[in-house]
A.B. asks: 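Sending over a structure as structure tokens; questions will come in a sec.
Just so you know, ligand 1 is whichever comes first in the structure, and atom 1 is the first atom listed for that ligand. FYI, the numbering just counts along the sequence from 1.
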Amino acid sequence: MASIELPKELLPADGRFGAGPSKVRSEALAALMAVAPTYLGTSHRQATVKDVVGRVRKGVSELFSLPEGYEVVLGNGGSTAFWDIATFGLIERKSQHLSFGEFSSKFAQSSEMAPFLEDPFVITSTAGTHPEAIAQSDIDLYGLTHNETSTGVMMEIARPRFADGSVAEGLVCVDATSAAGGIRVDITETDIYYFAPQKCFGSDGGLWTAIMSPKALERAKAIGASERYIPPFFDLNIAIDNSRLDQTYNTPALVTLLLFAEQLEWFNTNGGLEWSASRSDASSSTLYAWAEASTVATPFVEKPEERSRVVGTIDFAEGIDAAAIAKALRANGIVDTEPYRKLGRNQLRISMFPGIEPSDVEKLTTCIDYVVERLG
Ligand SMILES: *Cc1c(COP(=O)(O)O)cnc(C)c1O
């Protein structure tokens, strides 16, 4: 197959459309370069670095308009580490999990393997859909996922309610790794809203951040005081104590922290979550409208309200090889449009985080059309 060269004028200004690590804005990098000589390579126990941790905590509080008593906690290991941290330090006896893709299934597995917990109640649904949580009186933590990155399904976050309208007792623990900053949320509907900075926050990986309600902080404290053995690295109370001092338990990646702080401030000075989410709204409207009008492309997620605003999954008709499209795009500097591999579909996956220019998503659709016409 001859290679396809996209005309320069069709190309997006930035070719990064991956679901994480995702596009890092050059303005954030310039800010990093400006402080690098006095910031990088300095002690994480001194004011210079602690100030940046403070900026991150303040930036998160502002972006999500934290209600009274909610706290921003952070530590090393990314969202994957947080599944084990929550298993050790937040589930008292039994959890419920909505499992509808690669990421949402992982927390369920962690809690299932824990010998000190009862088997979790796991509700699954087929790829491209999401199940609903069911209020149950014996559940002390509900594990939800705001945006399932592997399938491009988003769901509304709300506390599970019984038939009579009363709210379930259990903590609502939300994996918002790819949603936080790009999709609106009412934090009062959650007890733990956790994420990592390499998606909407256009930073690097390796860090987890959790917004915790007073009830969640209390739960962590009670479990910490119980008989349960908790390895220090997974000890949420150690992380809480350190976060209150604007530091992490062990050495954090300083680049990750600074880029994260820059993106938070970029969102906050421009209008906060409403502004950042509206950028993803604009990008996703463009993408899905293009796919619906196309004769070869279709949004994978059937229900429009479940189609993710931050990670779009687009199926291609038989005879059109999505892998060949992704390969041709890559050869032209448009990278990471490949689908989540285990989903095994003839699909492209396109991230539309707030840092990505909506006009670039529009250009990407033109590039895809151009490639499809010439694939033959
Ligand atoms: C990316 C992602 C993760 C994994 O994050 P890490 O920081 O790499 O551990 C978990 N959950 C969701 C929904 C994600 O998109």
Side-chain angles (χ1 to χ4, degrees), residues 16-24 56 60 73-88 90 95 97-111 124-125 127-131 142-157 172-183 185 190 192-211 233-234 236 239 248 252-253 255-257 259-260 263 280 284 301 306-313 336 338-343 349-356:
R16 290 171 289 182
F17 292 97
S22 64
K23 176 186 168 187
V24 177
V56 165
V60 170
V73 181
L74 70 172
N76 287 314
S79 291
T80 301
F82 197 78
W83 292 322
D84 293 320
I85 290 167
T87 299
F88 275 111
L90 287 169
S95 52
H97 301 266
L98 301 190
S99 175
F100 53 108
E102 185 63 19
F103 292 106
S104 51
S105 69
K106 293 264 181 70
F107 183 19
Q109 285 161 20
S110 278
S111 69
T124 57
S125 74
T129 68
H130 71 76
Y142 296 87
L144 313 181
T145 300
H146 201 176
N147 185 73
E148 178 45 81
T149 320
S150 65
T151 59
V153 171
M154 67 174 191
M155 68 175 289
E156 187 96 25
I157 295 301
V172 174
C173 182
V174 183
D175 179 352
T177 309
S178 57
I183 303 178
V185 68
T190 75
I192 304 105
Y193 190 76
Y194 64 95
F195 47 92
Q198 73 274 23
K199 313 221 171 170
C200 291
F201 296 103
S203 178
D204 241 332
L207 198 75
W208 58 262
T209 308
I211 297 172
F233 190 71
F234 297 113
L236 191 48
T248 48
V255 170
T256 301
L257 284 169
L259 295 174
F260 189 6
Q263 189 87 332
S280 293
S284 55
V301 179
E306 294 181 357
R307 287 176 193 157
S308 170
R309 309 274 173 92
V310 286
V311 179
T313 42
D336 301 337
E338 291 83 3
Y340 194 79
R341 88 209 107 73
K342 286 191 213 159
L343 201 56
R349 181 174 62 157
I350 293 148
S351 81
M352 303 170 288
F353 298 132
I356 289 164

A.B. asks: At under 4.0 Å between heavy atoms, which part of K106 makes contact with ligand 1: side chain, backbone, both or neither?
C.D. replies: neither

A.B. asks: Using only atom types and a distance under 3.5 Å, with no angle test, would you say the side chain of R307 pairs donor to acceptor with the backbone of V301?
C.D. replies: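 Yes, because the side chain of R307 sits within donor-acceptor range (under 3.5 Å) of the backbone of V301.
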
A.B. asks: Could you tell me, atom by atom, which parts of ligand 1 come under 4.0 Å of a heavy atom of N147?
C.D. replies: 13 (C)

A.B. asks: I would like to know whether K342 and E102 meet salt bridge (charged side-chain N to carboxylate O under 4.0 Å, His left out); could you show each step before the answer?
C.D. replies: CA-CA 8 Å; K342 286 191 213 159; E102 185 63 19; 2.9 Å; yes

A.B. asks: Quick check: F195 with F201 (ring centres under 6.0 Å apart)?
C.D. replies: yes

A.B. asks: Quick check on contacts: which atoms of ligand 1 are under 4.0 angstrom from a heavy atom of G78?
C.D. replies: 7 (O), 9 (O)

A.B. asks: Just to confirm my output: which protein heavy-atom neighbour is closest to atom 9 (O) of ligand 1, and how far is it?
C.D. replies: T80 OG1, 2.5 Å

A.B. asks: May I ask you to list the atoms of ligand 1 that are less than 4.0 angstrom from any heavy atom of T149?
C.D. replies: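 Within the 4.0 Å cut-off of T149, ligand 1 contributes 12 (C), 13 (C), 14 (C), 15 (O).
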
A.B. asks: Looking at W83, which atoms of ligand 1 are within less than 4.0 Å of one of its heavy atoms?
C.D. replies: 10 (C), 11 (N)

A.B. asks: In the protein, what heavy atom is nearest to atom 8 (O) of ligand 1, and what distance, to one decimal place, separates them?
C.D. replies: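 It is Q198 NE2, 3.4 Å.
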
A.B. asks: I want to check a possible cation-pi pair here: K199 against F103, using under 6.0 Å from ring centre and within 45° of the ring axis as the test.
C.D. replies: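 Because its charged atom sits under 6.0 Å from the ring centre and within 45° of the axis, K199 does stack over F103.
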
A.B. asks: Side chains of Y193 and H146: any donor to acceptor distance under 3.5 Å?
C.D. replies: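 Yes, side-chain donor-acceptor contact under 3.5 Å.
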
A.B. asks: As a check for students: among F103, Y340, Y194, F195, identify the option with a heavy atom nearest to atom 4 (C) of ligand 1.
C.D. replies: F103

A.B. asks: With heavy-atom distances below 4.0 Å as the criterion, list the atoms of ligand 1 near K199.
C.D. replies: 1 (C), 2 (C), 3 (C), 14 (C), 15 (O)

A.B. asks: Which ligand 1 atoms are under 4.0 Å away from a heavy-atom of A196?
C.D. replies: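 Contacts of ligand 1 toward A196, numbered from 1: 7 (O).
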
A.B. asks: Could you measure the distance from the OG atom of S104 to the CG atom of N147? Nearest 0.5 Å is fine.
C.D. replies: 10.5 Å

A.B. asks: For atom 11 (N) of ligand 1, what is the closest protein heavy atom, and at what distance to 0.1 Å?
C.D. replies: D175 OD2, 2.7 Å

A.B. asks: What protein heavy atom lies closest to atom 5 (O) of ligand 1? Include the residue and the distance to one decimal.
C.D. replies: S79 CB, 3.6 Å

A.B. asks: In terms of ring plane angle, is the pair W208 and F82 parallel, tilted or perpendicular, where the classes change at 30° and 60°?
C.D. replies: tilted

A.B. asks: Looking at every non-hydrogen atom in both residues, tell me the closest pair between K23 and R16 and how far apart they are.
C.D. replies: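 So the minimum-distance heavy-atom pair works out to CG-NH2, 3.7 Å.
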
